[in-house]
Amino acid sequence: MDDAVHQQLIAPLNPAQQSAVKTIEGPLLIIAGPGSGKTRVITHRIAYMISQGVPSQKIVALTFTNKAAEEMRKRLALLAPENLTWAGTFHRFCSRLLRVHAAMIGLQENFTIYDMSDTKKVVKQAIANTEVDTRHYSADAIGREISNVKNVAITPEKFQPRIGNVMDKILSLVYPEYQKLLQMANAVDFDDLLMHTVDLLTQNNELRAALDMRFEYMMVDEYQDTNVAQYQLIRLLNHNKQNLAVTGDPDQSIYGWRGANIRNILEFEKDYPQVSVVRLEQNYRSTKSILRVADQLIANNVRRKKKVLVTDNDEGAQVRLVAYPSPQDEAVDIADSIALLIQKGSHNPSDFAVLYRTNYLSRALEHALGAAGVPYQIVNGHEFYQRREIKDLVAYLHLINNDRDMVAFERIVNVPARKIGKVTLSRLRNYALENNTSLMEAARNVGLIESISAAPSSKIKQFAAMIDDLQQTATQEVETILRNVLVQTGYREWLTLDGTEEAFERANNVDELVVAAQEFDNEHPEDGGLEKYLEQTALVSDTDVFESSSDFVTMMSLHAAKGLEFKKVFIVGLEDGILPHERSSSDDEQIEEERRLLFVGITRAQRELQLSRCLNRFRRGSNWPAIASRFLMELPREQMQVFEPSGQRHGMSDQQLQDTIARMSDWSSDVPVYDVNEDVVSVPASTVPGTIQPDALHSDSTLKSPSKLKPKKPVVASIGDMMTGAQLAAKESDGTKRLSPEEYSIGLDVEHLQYGVGTVVTMSGDGKKRTATIDFPEYGEKQFRVAFSNLRSVPR
DNA sequence: TATTCGCAAGTTTTT
DNA sequence: CTTGCGAATA
């Protein structure tokens with residue numbers, strides 16, 4: 001068992017936590033500050049309920065992210081091994097319900113879940129069908145607006161356009177058409193999962209009441225982030241039986257843009273008058289220094305209920321605030337300081353996280369961490385599944401699973417190229433529309449469409465026959481289906497026709513997908529299947545991989561970091577326009593949400609925290625001076641270590657400049673020199689950014705500028721190199737050795753727990769995607785992503 | 001019908 | 001700077 005988890009499980013609960021755990025009947029509101037042991041309370045509470053005789057299958061725990069659900073399941077398994085509690089995201093919960101009751105809302109149980117890019121295509125089609133004038137609003141904007149309307153659970157029938165509102169007028173036409181297209185395609189978007197479920201329960205009171213009983217005890221995590229549809233769903237399922245416990249923190253509400261409604265948590269007490277309220281304010285996560293910064297920042301929010309954050313933890317190191325000349329300097333300094341600490345052996349890669357507002361900020365960091373030899377992991381949702389070649393192949397799977405899937409059909413009908421063109425397709429579409437049938441069905445009947453001439457007609461017929469043929473294999477393992485698709489379509493060959501570097505890369509991704517399918521089959525021997533696989537790829541992101549592998553520095557967005565904690569946290573790019581984001585800067589309410597976002601980021605840190613910004617940033621093609629985030633002015637700078645340049649160039653505001661000058665005068669002069677853009681700045685030796693361990697205080701080394709803090713030799717050459725000394729010795733005591741991805745090569749003998757000893761036959765990919773095909777004498781060839789697999793080398 | 005070129009637009013966060 | 005889209009051309 002994970003030591004930290006174990007510690008948490010056996011540590012006693014404080015009085016507030018106990019009271020939350022023991023209140024199991026009736027509505028319960030748990031206001032839980034960051035690091036207050038919320039997940040622990042939830043899991044203990046469930047375990048307690050079970051010990052009191054509540055049947056565990058009557059308990060449901062709803063979360064926002066798969067990460068949170070996974071964490072909960074993991075801990076619950078330790079507390080109550082035999083429990084049948086269902087824990088998962090709202091979307092998954094709804095998807096499960098809808099598959100069972102699909103017919104009641106006009107769907108088939110094998111419906112497709114469309115992601116945002118799929119959704120966008122349907123919106124465009126709907127716009128085309130309704131011939132709406134899009135001079136004023138882009139398809140994107142219309143799609144966003146549809147999503148907003150759905151988030152408040154307004155169906156096309158209920159939608160009331162406000163007179164004189166142009167967008168509403170457009171919506172009144174496009175929204176029903178969009179919904180009709182989805183229905184015809186037997187597909188739903190993310191928002192539908194919630195809205196359809198609300199609809200289903202509203203229209204079928206018997207079913208609602210049955211489910212109300214069935215899920216007698218419900219817990220909702222991150223209640224501050226629920227939107228209207230989720231709120232209605234919760235109300236519908238907690239009408240007769242109001243054993244509802246919600247946890248949340250208004251200060252951590254960061255999904256307003258997605259329709260989250262703070263009102264839900266602020267007025268929970270009105271919604272459920274008999275409510276018990278518990279406040280968890282004791283923080284077990286962070287040092288006093290870190291909490292003070294968080295506290296002072298969030299105090300700037302006006303729309304807020306005051307809340308205290310207290311901790312018995314030690315003072316800890318001061319929070320650092322650093323201005324770097326450029327994003328490259330920022331990245332290199334952070335990477336080098338992490339590498340140094342790992343090399344010293346005092347830290348593991350998994351102790352660190354680098355957080356940012358927008359995903360593209362990870363680029364420079366990736367580069368720098370790679371150069372420093374630090375293993376890292378980017379938590380970036382569905383990136384892999386967004387690649388063209390992957391979307392193409394998954395579209396085949398979708399069409400096999402649900403032949404009414406319109407987006408999948410359009411995507412692949414001519415990929416690989418089959419000489420089926422725009423004109424033919426539009427005729428096919430028209431036929432389908434007129435006959436109220438799917439594109440696939442129209443394709444089967446293409447002979448009946450007079451406007452399509454012989455040549456394209458036969459091509460389409462061939463395509464339809466191929467899909468029908470593939471459909472015969474739909475019940476087999478996903479890997480088999482996928483391999484069949486590759487064989488039948490010749491996709492891989494078609495992809496690599498031009499022989500470019502990029503084509504090769506794409507072909508690797510295809511192999512990667514096969515491996516992923518294989519892994520899915522292995523992990524789901526009982527409950528697998530194509531439909532499950534497709535649901536998984538739609539609703540689950542790469543984050544599970546991130547959870548289980550601990551030997552990586554984690555990089556992710558501030559949003560993705562919610563609910564997690566790390567010993568040392570770097571938050572980068574604290575600049576005006578980035579955080580707060582420029583699209584939020586016009587609106588006070590949105591600014592407050594951005595502030596909460598930073599609050600969430602800060603409170604992820606257990607021991608040390610560095611906030612940084614850059615003086616220049618590359619934007620829209622060229623380098624611009626960057627202005628410090630206004631939030632940096634709201635922090636208790638006198639209690640932090642501040643590294644700002646002395647010059648007034650680089651676009652510093654007056655306020656900033658004054659602050660900086662004030663800071664400078666406080667600094668002693670008998671210290672080394674920190675060189676920022678040739679401006680000479682004094683920096684206390686103990687506080688040079690780049691050396692973030694507390695014992696630097698006792699170091700008498702005179703360090704140069706942070707960005708020049710490069711060791712003579714590469715700090716860490718590979719993952720393998722980092723396991724030095726005692727650590728490495730321990731790992732090798734039985735003669736086998738865990739290898740870094742780079743160390744794998746063809747011909748190597750490795751040992752697998754299940755398959756025994758085998759030989760590496762082929763290698764492909766790099767980094768965390770590096771994949772080995774290994775031949776086991778008894779089991780044949782298997783593929784592994786070596787960074788994640790439990791393989792060890794065997795000496796010859 | 002496929003391909004290529006040029007132009008415009010849009011750049012957040014996630015299930 | 002990228003991506004996506006539409007028009008022009010082979």
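So that the names make sense, note that chain A is the first sequence line, chain B the second, and so on, each numbered from 1.
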Trainee: Is the closest side-chain donor-acceptor distance between A:Q377 and A:T554 under 3.5 Å?
Mentor: no

Trainee: Could you check whether the rings of A:F64 and A:Y255 sit parallel, tilted or perpendicular, using 30° and 60° as the cut-offs?
Mentor: parallel

Trainee: For A:Y431, enumerate each residue passing the ring pair (Phe, Tyr, Trp, His ring centres under 6.0 Å) test, keeping only those at least two apart in sequence or located in another chain.
Mentor: none

Trainee: Could you say whether A:F64 or A:R144 is positioned toward the 5' end of DNA chain B, judged by the nucleotide with the nearest heavy atom to each?
Mentor: A:R144

Trainee: Do other residues, nucleotides or ligands put more than 12 heavy atoms under 6.0 Å from A:H367 NE2?
Mentor: no

Trainee: For B:dT13, is there a stacking contact with A:W257, counting only centres under 5.5 Å and planes under 30°?
Mentor: yes

Trainee: Would you kindly compare A:E593 and A:T424 by the position of their nearest DNA chain B nucleotide and give the one closer to the 5′ end?
Mentor: A:T424

Trainee: Take atom P in B:dT13 and the same atom in C:dG4, then report the distance between them in whole Å.
Mentor: 15 Å

Trainee: Give me the distances for all protein-to-nucleotides 4-6 of chain C N/O pairs that come in under 3.5 Å?
Mentor:
{"unit_1": "C:dC5", "atom_1": "OP1", "unit_2": "A:K124", "atom_2": "NZ", "d": "2.2"}

Trainee: A:E593 and A:S253: side-chain donor and acceptor closer than 3.5 Å?
Mentor: no

Trainee: Between the protein and nucleotides 2-4 of chain B, list every N/O to N/O distance that falls short of 3.5 Å.
Mentor:
{"unit_1": "B:dA2", "atom_1": "OP1", "unit_2": "A:N414", "atom_2": "ND2", "d": "3.4"}
{"unit_1": "B:dA2", "atom_1": "OP1", "unit_2": "A:K419", "atom_2": "N", "d": "3.2"}
{"unit_1": "B:dA2", "atom_1": "OP1", "unit_2": "A:I420", "atom_2": "N", "d": "3.4"}

Trainee: Assess whether atom CD of A:E493 is packed by more than 12 heavy atoms of other residues, nucleotides or ligands within 6.0 Å.
Mentor: yes

Trainee: At 4.0 Å (heavy atoms only), tell me whether A:Y255 reaches a base, stays on the sugar-phosphate, or touches nothing.
Mentor: sugar-phosphate

Trainee: Just checking, is any N or O donor in the side chain of A:E330 or A:Q328 under 3.5 Å from an acceptor N or O on the other one?
Mentor: no

Trainee: Closest approach to the side chain of A:S557, judged atom by atom: which nucleotide of C:dC1, B:dT11, B:dT13 is it?
Mentor: B:dT13

